[in-house]
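Chain A is the first sequence line, chain B the second, and so forth, proteins listed ahead of strands; every chain is numbered from 1.
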Amino acid sequence: MIDFKKNYDPKEIEDRWYAFWEEKGYFKPSSDSEAPSFSIVIPPPNVTGSLHMGHALNATVQDILSRWKRMQGFRVLWLPGTDHAGIATQNVVERQISKDGIDRHKLGRDAFIQKVWEWKAEYGGRIIHQLKKMGASCDWSRERFTLDEGLSKAVREVFVKLFEEGLIYRDNRLINWCPRCHTALSDLEVEYEDLEGRLYYIKYPVSGTNEFIVVATTRPETMLGDTGVAVNPEDERYSGFAGKFLELPLTGRKIPVVYDQAVDSAFGTGAVKVTPAHDFNDEAMGKRHSLASLTVISEDGRMAAEAGERYAGIDRYECRKRIIHDLKELDLLEGEKKHPHAVGHCYRCKTIIEPLQTIQWYVKTRGLADDAVKSVEQGRTRLIPDSWNNNFYAWMRDINDWCISRQIWWGHRIPVWYCPDCKTDSGVQQGDIIEHVFFEPVSGRISGSYSELRKAGLPHDDIVANSKTIRVSKLVKPLCGKDDISECPSCKSRNIIRDPDVLDTWFSSALWPFSTLGWPEQTGDLKAFYPTSVLVTAFDILFFWVARMMMMGGKFMDDVPFKDVYIHALIRDAHGHKMSKSKGNVIDPLIMTDKYGADAFRFSLAAFAAQGRDIRFSEERVEGYRFFINKLWNATKFILNYSSDYKRKPLDQNKLDLSGRWIVSRLSFAADEVSRNLENYRFNDAAGSIYHFVWHEFCDWYIELSKPALYNGSEEEKEAVLCCMFHLLENTLKLLHPFMPFVTEEIWSLVFEGSGSIMVEKFPSNLPKVDDAERQMAYVLDAVNGIRSVRGELNVSPGLEIRADIKALSKEAEEVIKANLPPILKMTRSKEINVGMDVSRAKGSAIAVMNMIEIYIPMEGLLDIKAEVARIGKEQEKIAKDIMFINKKLSNEDFIKNAPPDVVAKDRSKYELLLQKKSKLDDNLNLLKTVEG
RNA sequence: AGGCGCGUAGCUCAGUGGGAGAGCGCUUCCCUGACACGGAAGAGGUCAGGGGUUCGAUACCCCUCGUGCCUACCA
């Protein structure tokens, strides 16, 4: 006899089973190369991250799919890993070393990177460990990191190829710059937030007159870089200013008035200052009118030398105050007012970004994006739910070139070198236009062009090693190669300078579906598992990541990276707010697994995961699913209680009684539902199907129906029931295993001792069905439900055993009920039930009218006639309403003419049934009234 | 401003061109030999509002209101 605890306790078993599976190698793809492949690459979590709700849902979905497919016989690979999160990781380590007063520049590039690797070795595995707690069946032997040697090789290969094809290029234009992270950011890495700003009205004197043009701006500090003022050509207020100049206050520079359609006359004063070096719109406007571009804010967010002596070196927001103050002194500030507007922030550190003109590397995305769109349009990649298609198309249509260079150290360094000793095509010495800024003075120099510094006697290596920033003019010819370059191929100089920038982390993530499988080598994994079967992700990285993988996959693999993209919801708190640390509404998934067990938590996430809607997380529901697991546990315990000396036999349908045939049929139905729903990524429906079967069919009905046979039945009856029970339990556990791996494995091991792990069992399909069981079972269900209703509604004491008379309206009904009397008696707490086609109502009986039977329950003078009349009357009313409704439909010629015949037929038979029921209710009611009960 | 979505039982949400379902909560009753993490019986909904298409609309179309998100702009 197995020692079965009263209630299920997940704590002691989860880690044990996880270790067991891993040790057995079950997470690795089977070596059966004939089996069809099923592959998933994990969306690599940030190596600095720890598991949050989003990861938990994401991992649960992937694990359900992986375990399910594995049980279906697929050769499953779920490949895990993390990304190196360039900016985030660098920030973490910089903070760490700054506690010891160390700046990364003092440490030097190589030593700093070494520090980051050390940090990664110590803390980088946290999220992996947390995924294991969730039960994730990833193949850890294939775990990858975006900075691994192999993945770095892939990055290099891709960069060089794109460079050679001209799809990667350098350009000098305005980009989003984070002054704190000290790097460029892509468009996507900027988050806009509404802030309460101020709109300042500033008077710009018109040269040679006493007039002013008043401009309105939210960023007065940028006026130092103004190179024009624009007005709308239609704006009559400004019609006379063509060709005139303004005197830019605080600088004395003369700037032109230009006319541009883009100016909104209704906003502010209808005149807008133009600062091409610090605003994206102004940059475009400047280009249209050939205005100069003057950078007045530098990379650290302080005013640059060009801002003038009075302002240079002070912070951009301090400068704003000073400008306002100075304008007031000059009486050039006409006014100011509150003005809410959206301001871009760095997605990593939340610092307000500064548009800056810099030279960066870009990927030309147009053609790649068009191909990605085609793969969705042609269905080679499906987005699920497909309501995302339009969003995807729209974004891809408007995509800008992708800025991929970052001015940080942690990441894939750009494989490009520059030779200062060569000349540009136009004959300029390249060393003259490569500018170095040192971290601290070297031989008394803090900056200068490469040529100058060499002339001043600094050795090449010192110049490079001490450079905080290297600005390489666009004119300098980049040297790019698969292998590192140590000498200039044309002039053979060994004094070459490597581009200091690294690539955007997403650049390497974009290669993830094939770089992790060994590309650029043509590996067996690549052949077996690319394209991957499905990508599971949330919509918030659809563009960041999914779109870019599609672009790169199409370009380098000539095939989509995944056939399906299942886009799951975002998890919000119970009030629908996004979870965030600052709001303090974060729920830690590990606390959930600790409190309720990983299985209950996973099942909840699956049950929440309806397509197309965000999830409001409710802890109560997790608790509810823990109860469900306990229910399963106790059902198992019940079976084992009565089977200690039972030897398991294969299911023989001929030996089953009606309830057995019925429940076997229901199981088959439930199994089909689970599979069908999983096929369609309907995880909530799949979870619901199995939940309903286990609780409301298996436990509520079959176990109860089988009790008489188990308690008092013959050996044969008992054996038939147990045989059925084990069939149900076995398949239920298998159906549940992808959702709840731990408890199913635990029960499996206890019940089906010696049969190995449930993980490698076959997922149920094509289970036996029984056609007529449902119809016949309806009589039994009606009998039980009818009697229970009467008992409940008339408050018959639960302990009181009653008698019931059942009038069967068909021979079949009579026979079925007679054959199933013991469970009906037990389930209705009846001591006696008379069944027959000629049974009639005894005086003082309560009444229940069902479809094929009528039930009379003698109340021994306790029947409250008035209450019973009211009860029956209420039911009559309901039926009368239904009859009226259907009658109206059936007497409508258009309905008969236009509705599908089966619908009409269905309504007709429903109508007949209702009429019958009504007449029976009428008869019984008359009886009640006329003969005083 | 444009786009997408949502509004169904007290709450959280499924759902479908043929008179609406679940879980939790609520009411009444029961520790009946798997389970009180349980069992039985109930109550509860103009499917946001208005219009249209249809024999028939909660579902499809349009409008309004409320609500959430995304994208762009905001001098």
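Glu697(A) pairs by the salt bridge (charged side-chain N to carboxylate O under 4.0 Å, His left out) definition with Arg666(A), not counting sequence neighbours. Residues satisfying the side-chain contact (heavy atoms from CB on, under 4.5 Å) criterion with Thr275(A), sequence neighbours excluded, are Thr222(A), Asp226(A), Lys273(A), His278(A), Asp282(A). Partners of Phe603(A) under the ring-ring contact (aromatic ring centres under 6.0 Å, His included) rule, at least two apart in sequence or in another chain, are Tyr625(A), Phe628(A), Phe739(A). Every residue meeting the side-chain contact (heavy atoms from CB on, under 4.5 Å) condition with Asn634(A), not counting sequence neighbours, appears here in chain and number order: Asn7(A), Asn630(A), Lys637(A). Every residue meeting the ring-ring contact (aromatic ring centres under 6.0 Å, His included) condition with Tyr646(A), not counting sequence neighbours, appears here in chain and number order: Phe726(A). Judged as a ring-ring contact (aromatic ring centres under 6.0 Å, His included), and not counting sequence neighbours, Phe212(A) has no contacts. The side-chain contact (heavy atoms from CB on, under 4.5 Å) search around Thr218(A) returns Leu199(A), His339(A), His341(A), not counting sequence neighbours. With sequence neighbours left out, the side-chain contact (heavy atoms from CB on, under 4.5 Å) criterion links Asp700(A) to Trp695(A), His696(A).
In this structure, Asn677(A) atom CG and A22(B) atom P are separated by 17 Å, rounded to whole Å. Atom CG of Leu570(A) and atom P of C13(B) are 14 Å apart (whole Å). Taking atom CZ on Arg871(A) and atom P on A43(B), their separation rounds to 12 Å, with Å as the unit. Distance CZ (Arg682(A)) to P (A22(B)): 18 Å, rounded to an integer number of Å.
Dense packing is recorded around CD of Glu801(A), with more than 12 heavy atoms of other residues, nucleotides or ligands lying under 6.0 Å away.
For the C1' atoms, the distance linking G18(B) with G3(B) amounts to 34 Å, nearest Å. Taking atom C1' in both C47(B) and A36(B), one finds a spacing of 35 Å when rounded to whole Å. Using atom P as the reference point in both C30(B) and C6(B), the two lie 46 Å apart (nearest Å). For the P atoms, the distance linking G21(B) with C62(B) amounts to 29 Å, nearest Å.
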Pairing string, 5' to 3', for RNA chain B - Watson-Crick or wobble contacts under 3.5 Å, brackets [ ] where pairs cross, | to another strand
(((((((..((((....[..)))).(((((.......))))).....(((((..]....))))))))))))....

Are any protein N/O atoms closer than 3.5 Å to N/O atoms in nucleotides 68-73 of chain B? If there are, list each pair with its distance.
from	atom 1	to	atom 2	distance (Å)
C73(B)	O3'	Asn281(A)	ND2	3.1

Between the protein and nucleotides 37-39 of chain B, list the N/O to N/O atom pairs that are separated by less than 3.5 angstrom.
from	atom 1	to	atom 2	distance (Å)
C37(B)	O2'	Asn630(A)	ND2	2.9
C37(B)	O2	Asn630(A)	ND2	3.4
C37(B)	N4	Asn7(A)	ND2	3.4
G38(B)	O3'	Lys631(A)	NZ	2.8
G39(B)	OP1	Lys631(A)	NZ	2.7
G39(B)	OP1	Trp695(A)	NE1	2.6

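At the phosphate of G23(B), OP1 or OP2 sits under 4.0 Å from a side-chain N or O atom of His696(A). OP1 or OP2 of A34(B) lies within a sub-4.0 Å distance of a side-chain N or O belonging to Tyr642(A).
Nucleic acid contact for Ala394(A): none, since no nucleic acid atom lies under 4.0 Å from a heavy atom of the residue.
The aromatic ring of Phe895(A) does not stack onto the base of G56(B), failing the criterion of a centre distance under 5.5 Å from the six-membered base ring together with planes under 30° apart.
Applying the side chain to side chain donor-acceptor pair (under 3.5 Å) test to residues at least two apart or on different chains, the pairs with a partner in residues 888-899 of chain A are Lys889(A)-Asp907(A).
Listed nucleotides C29(B), A34(B), G18(B) differ in distance to Pro798(A); the shortest reach to its side chain belongs to C29(B).
Under the 4.0 Å criterion applied to side-chain N and carboxylate O atoms, Arg871(A) and Glu793(A) are assigned as salt-bridge partners. Asp9(A) and Lys11(A) are not joined by a salt bridge, as no carboxylate oxygen comes within less than 4.0 angstrom of a charged side-chain nitrogen.
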